[in-house]
There are 2 protein chains.
Amino acid sequence: MTTATSNQSRDRIVSAAQKLFWRDGVTATSPRDIMGESGVGQGSFYHHFPTKHDLAFTAISDTVTSSLMAARLQLQSEGRAYDRLVAYLTRERDAVFGCKIGRLTADPTVMTDNDLAMTVSSYFTDLTVLVRDVLIEQGRVESATDIAHAVVAVVQGGYVMAKATENPDVMRAAVRGFLALLSEGLETSHEQ
Amino acid sequence: MTTATSNQSRDRIVSAAQKLFWRDGVTATSPRDIMGESGVGQGSFYHHFPTKHDLAFTAISDTVTSSLMAARLQLQSEGRAYDRLVAYLTRERDAVFGCKIGRLTADPTVMTDNDLAMTVSSYFTDLTVLVRDVLIEQGRVESATDIAHAVVAVVQGGYVMAKATENPDVMRAAVRGFLALLSEGLETSHEQ
DNA sequence: GTCTATACGAGGATAGAC
DNA sequence: GTCTATCCTCGTATAGAC
């Protein structure tokens, strides 16, 4: 083994970066900001992450992986497909802070960097597939892909609207509206 | 009259700012970038807009006003309410470039400035009201507000997903999925 | 691994002349 | 209104010692 207790400073740097990237975005977060937030010094910082790109890639990849993991846990749990979908849509979200990953879409540092942009892209394609599979399971085979896109879009749009208005109820309203439509023809048309 | 042909440079500055704010965001666009894009010199630039805030407020307010105007024209045109809603949802959008206004939600310069943040916020509340009124007109009185939020969210989320994946079809899929649900119980439940 | 010192361009202006 | 010169801080590192 090369390191004993699996790097203290490195983890602190990544956590601080994730926090600040969520709040301010990657472009607006400087190495100095991250040193301040993490309490790690300059020498140590640049030892672990020679460039901002390196840190951003580590931090964003980790955020994407754990977000997908959380979605997977919820969408592939026990219970009826429809219930899992409702649970996913209505789960508590820090709506007024925006989506950690969706916001990166508006971040020039991320979008002009192929590695980072692909990581963000993969989050949305993977998440949409997860949702689509649940819709298929529910019996909505016909336009499962389209509806899955709508599901993911409603959540992302909910984040944008809630952040814009600083009101978490806006996200809830969007989800309620969507669910009203999704469940409208339920008894007659689709397996529950 | 104080000026003859109603300021050349000023308009060029605002147009350039709107273009760059859309592409890169406000935070990542510098005065120097805008001078370069507009061809206006430094002295002239700072004469018209003493601070970046002043320019951002002018540019963003104008974008919000004309976007709302465009939505209003489409949502309050002739024809059946349902058709206007479909037209609004399916209209051509530069999806892969993201929403000019929605992206500002992830821009620290905008969100930490009260004037700018309120301008962005008002766009979403006003737009949602426009959509809600069409839904009410269509006969969906019950959850018109919620569904209106869902409509706006699907479009915003469509922008985010399309930009993330660099694929405009993703926005179209989200809208198709949403419309599939919206029109599902149509013949029986609601006026068309 | 971590520290301190140093560097250089860009961001966001201000000052004063024309 | 527009131009050129100047200013100071921050972003993003690099260098070398401990």
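Reminder, nothing fancy here: chain letters follow the sequence lines and each chain counts from 1.
- A heavy atom closer than 4.0 Å to some atom of DNA chain C occurs in Gly41(A), Gln42(A), Gly43(A), Ser44(A), these being the qualifying members of residues 31-44 of chain A.
- Relative to the side chain of His48(B), the nucleotides dG11(D), dA13(D), dG1(D) differ in distance, and dG1(D) lies closest.
- Minimum atom distance to the side chain of His47(B) is reached by dG1(D), of the listed dG1(D), dT2(C), dA13(D).
- What separates CG of Asp11(A) from P of dG1(C) is a distance of 12 Å, to the nearest Å.
- Considering only side-chain N and O atoms, Ser9(A) lies under 4.0 angstrom from the phosphate OP1 or OP2 of dT2(C).
- Distance, Phe45(B) CZ to dA5(D) P: 20 Å, rounded to whole Å.
- In this entry the distance linking OH of Tyr46(B) with C1' of dT6(D) reads 13 Å, nearest Å.
- Of the side-chain N and O atoms in His53(B), none sit less than 4.0 angstrom from OP1 or OP2 of dG12(C).
- A donor and an acceptor atom, one from each side chain of Thr65(A) and Asp62(A), are nowhere located under 3.5 Å apart.
- Salt-bridge formation is not detected for the pair Glu137(A)/Arg80(A): no Lys NZ or Arg NE/NH1/NH2 atom is positioned less than 4.0 Å from an Asp or Glu carboxylate oxygen.
- The closest side-chain donor-acceptor pair between Arg91(B) and Gln74(B) falls under 3.5 angstrom.
- Side chains of Thr29(B) and Asp24(B): no donor on one and acceptor on the other come within 3.5 Å.
- Atom-to-atom, CG of Leu20(B) to C1' of dG11(C) comes out at 15 Å; the value is rounded to the nearest Å.
- Rounded to whole angstrom, the span from the CD atom of Gln8(B) across to the C1' atom of dG1(D) amounts to 13 Å.
- Put simply, CG on Leu55(A) is 14 Å from C1' on dG11(D), counting in whole angstrom units.
- Going from atom CZ of Phe49(A) over to atom P of dA13(D) covers 13 Å, rounded to whole Å.
- Tyr123(B) does not carry Arg103(B) over the face of its six-membered ring by the limits of under 6.0 Å from the centre and within 45° of the normal.
- Contact check on Arg140(B) versus Glu184(A) returns a salt bridge, with a Lys/Arg side-chain nitrogen under 4.0 Å from an Asp/Glu carboxylate oxygen.
- Between Phe97(A) and Trp22(A), the angle of the ring planes goes over 60°, which puts this pair in the perpendicular group of the 30/60° scheme.
- Rounded to a whole Å, the NZ atom of Lys52(A) is 16 Å from the P atom of dA10(C).
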